[in-house]
Chemist: 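Before I ask anything, let me first share the structure, which is written out below as structure tokens.
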Amino acid sequence: MTATVTAERQAILQAVREFADTEIRPHVLEWDEKQEFPHEVFRKLGELGFLGTIFPEEYGGAGLSYMDYAAIIEEVSCVDGSVGLALAAHTSLGSNHIFEFGTEAQRRKYLPKLTSGEWLAAWGLTEAEAGSDSGGTKTTAVRDGESWVLNGSKNFITNASVGRVAVLMAVTDRAAGRHGISSFVVELDNPGIRVGKKENKLGMRASDTCTLVMEDCRVPAGNLLGELGAGWVNSMTVLDGGRISIAALAVGIARGAFEAALRYSKQRHQFGRPICEFEAIQFYLAEMATEIDAARLLTQRAAAAKDAGEIVTRLSAQAKLYASEIAVRATDRALQVHGGYGFIKDFPVEKFYRDVKLCTIGEGTSEIQKLVIAKSLLSEP
Ligand SMILES: Cc1cc2nc3c(=O)[nH]c(=O)nc-3n(C[C@H](O)[C@H](O)[C@H](O)COP(=O)(O)OP(=O)(O)OC[C@H]3O[C@@H](n4cnc5c(N)ncnc54)[C@H](O)[C@@H]3O)c2cc1C
């Protein structure tokens with residue numbers, strides 16, 4: 001059984017690798033410089049079934065495991081972190097929130113469009129004053145007859161201007177604190193919601209990051225997603241899964257940088273020999289390879305636990321914390337192996353170096369992951 005699954009995963013990953021090599025790799029720098037979202041790539045990913053990997057076939061998904069999904073994110077991110085990030089936000093945040101907490105009617109309405117790639121999904125928790133402290137959400141949703149009326153804004157939202165639907169968190173009962181926050185599905189052609197500032201970013205520049213502004217944004221009462229007041233708690237569950245994808249994203253970027261450094265170290269000669277013959281370079285390569293493998297194993301452990309239906313709060317935080325921190329270190333070392341050539345855009349490593357930093361920030365910073373892990377450790381009897 002394991003061999004069959006592994007063979008199946010290998011075939012899937014081979015298809016992803018070929019797709020990334022032909023459809024993504026040749027354009028990576030151009031999209032980065034122009035901050036251009038690769039619409040065509042996402043259209044094709046939808047056609048190939050990669051936009052709904054973790055969802056059952058009845059909703060148009062591929063019915064794959066979270067292990068498969070993490071491996072796919074790694075493979076794509078090894079070539080372009082921006083595509084990995086957009087794919088992760090679409091799949092394990094926006095679409096998965098609808099899958100995990102939506103009614104059957106909501107699942108049937110939205111998931112086939114999302115799994116086919118007809119629509120992309122965004123997910124909005126962060127606000128200007130509610131980042132790590134997401135319970136401090138200010139956006140409000142007020143019931144008015146058969147509608148909810150949303151007011152406020154969401155910051156740093158991936159896929160905000162390229163998506164067609166977003167899951168947004170808003171306060172429905174201020175007195176109840178975090179338990180007074182609810183989730184809503186909001187279609188982005190609703191006249192009450194508009195895209196605000198497009199962020200000009202250090203890295204992940206081909207991914208779309210914008211503010212979403214709601215001004216008397218009226219949605220049908222049926223667009224409440226999950227129980228009233230359960231939006232924040234449900235968001236934390238969604239993030240538990242999302243963090244596994246950010247860990248995979250980090251592993252992918254680190255691997256891309258490592259492979260570039262390994263290749264370069266064999267080609268570049270100084271002092272009459274390839275630089276890979278110098279012990280200092282060998283130590284960098286050895287440490288990178290070991291840390292990347294360890295990060296992948298933590299990511300796979302969290303993914304396997306999720307596939308087994310376990311609560312993965314601690315495991316996903318550990319995977320994300322470790323993978324993102326070692327990935328920052330690995331891309332730094334990969335750049336160092338390239339010397340001055342690592343600093344210029346003729347080589348891919350400078351982009352990995354810029355992209356990877358997002359992994360220690362998005363879906364909860366490294367400091368927040370440590371708090372999550374410590375809380376779990378301290379709550380054990
Ligand atoms: C490219 C990009 C894409 C993103 N995509 C999305 C998205 O699709 N949807 C979405 O909702 N959000 C998204 N985010 C937002 C991201 O999740 C937040 O940026 C992140 O959670 C941190 O919030 P903040 O930026 O407000 O930082 P802050 O919370 O202001 O943190 C600033 C610093 O203080 C530290 N800090 C804060 N509180 C504590 C504490 N209690 N203990 C110790 N240290 C603390 C932090 O670790 C950090 O170092 C995205 C961000 C970026 C950059």
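Numbering starts at 1 and runs along the sequence shown. Counting starts at 1 for both ligands and their atoms, in listed order. Keep in mind it's a predicted model, so treat the numbers as computed, not measured.
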Chemist: Considering only non-hydrogen protein atoms, determine which one is nearest to atom 39 (C) of ligand 1 and report residue, atom name and distance to 0.1 Å.
Modeler: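 Protein heavy atom with the smallest distance to atom 39 (C) of ligand 1: I368 CD1, 4.0 Å.
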
Chemist: State plainly whether the residues K109 and E187 are in salt-bridge range, i.e. N to O under 4.0 Å.
Modeler: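 A salt bridge links K109 with E187.
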
Chemist: Name the closest protein heavy atom to atom 52 (C) of ligand 1, giving the residue it belongs to and the distance to 0.1 Å.
Modeler: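 The closest one turns out to be L358 CD2, 3.6 Å.
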
Chemist: How about F278: does its CZ atom have over 12 heavy atoms from other parts shown lying under 6.0 Å from it?
Modeler: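 Yes, the 6.0 Å shell around CZ holds more than 12 heavy atoms from other groups.
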
Chemist: Among all protein heavy atoms, pick out the one at the shortest distance from atom 43 (C) of ligand 1; state its residue, atom name and that distance to 0.1 Å.
Modeler: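 Minimum-distance protein heavy atom for atom 43 (C) of ligand 1 reads E367 CB, 4.0 Å.
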
Chemist: What do we get for D133 next to ligand 1 when only non-hydrogen atoms under 4.0 Å count, side chain, backbone, both or neither?
Modeler: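 Neither part.
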
Chemist: Who's the nearest protein heavy-atom neighbour of atom 3 (C) of ligand 1, and how far?
Modeler: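 Its nearest protein heavy-atom neighbour is T158 OG1, 3.4 Å.
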
Chemist: What protein heavy atom lies closest to atom 42 (N) of ligand 1? Include the residue and the distance to one decimal.
Modeler: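 Atom 42 (N) of ligand 1 sits closest to the protein heavy atom L371 CD1, 3.7 Å.
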
Chemist: Shortest non-hydrogen contact from A334 to A257?
Modeler: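 Between these two residues, the closest heavy atoms are CB-O, 3.4 Å.
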
Chemist: Taking 4.0 angstrom as the limit, do E350 and K345 come out as a salt bridge?
Modeler: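 K345 and E350: salt-bridged.
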
Chemist: Salt bridge between E215 and R194, side-chain N to carboxylate O under 4.0 Å?
Modeler: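 Looking at E215 and R194, the cut-off is met.
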
Chemist: Looking only at protein heavy atoms, identify the closest one to atom 29 (O) of ligand 1 and say how far it is in Å.
Modeler: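 Sorting protein heavy atoms by distance from atom 29 (O) of ligand 1 puts S132 OG, 2.6 Å first.
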
Chemist: One thing to verify: whether E127 and K154 come together as a salt bridge, which I'm taking to mean a side-chain N less than 4.0 angstrom from a carboxylate O.
Modeler: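 A salt bridge links K154 with E127.
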
Chemist: Output the list of atoms in ligand 1 that are nearer than 4.0 Å to some heavy atom of E363, sorted by atom number.
Modeler: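 Counting from 1, the qualifying ligand atoms are 17 (O).
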
Chemist: Checking contacts here: is it the side chain or the backbone of T365 that comes within 4.0 Å of ligand 1, counting heavy atoms only? Could be both or neither.
Modeler: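 The answer is the side chain of T365.
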
Chemist: Considering only NZ, NE, NH1 and NH2 on the basic side and carboxylate oxygens on the acidic side, decide whether E75 and R17 come within less than 4.0 Å.
Modeler: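 Salt bridge present between E75 and R17.
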
Chemist: Could you find the nearest protein heavy atom to atom 26 (O) of ligand 1 and give me its residue, atom name and distance?
Modeler: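 Answer for atom 26 (O) of ligand 1: G131 CA, 3.2 Å.
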
Chemist: Identify whether the distance between the nearest side-chain nitrogen and carboxylate oxygen of E367 and K370 falls below 4.0 Å.
Modeler: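 No salt bridge links E367 with K370.
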
Chemist: Just to confirm my output: which protein heavy-atom neighbour is closest to atom 6 (C) of ligand 1, and how far is it?
Modeler: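 Protein heavy atom with the smallest distance to atom 6 (C) of ligand 1: F156 O, 2.8 Å.
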
Chemist: Can you tell me which portion of E199 lies within the under-4.0 Å heavy-atom range of ligand 1? Options are side chain, backbone, both, or neither.
Modeler: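 Neither; nothing of E199 gets under 4.0 Å from ligand 1.
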
Chemist: So, is A89 polar-close to ligand 1, with some N/O to N/O distance under 3.5 Å?
Modeler: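 Not met; the criterion fails.
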
Chemist: Would you please classify the geometry between the W119 ring and the Y110 ring as parallel, tilted or perpendicular, with 30° and 60° separating the classes?
Modeler: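 Taking W119 first and then Y110, their aromatic rings sit tilted (interplane angle of 30° to 60°).
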
Chemist: Assess M204 for proximity to ligand 1: is some non-hydrogen atom of it under 4.0 Å away?
Modeler: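 M204: no contact with ligand 1 (<4.0 Å).
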
Chemist: Any N or O of K201 that comes nearer than 3.5 Å to an N or O of ligand 1?
Modeler: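 No, no N or O pair falls under 3.5 Å.
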
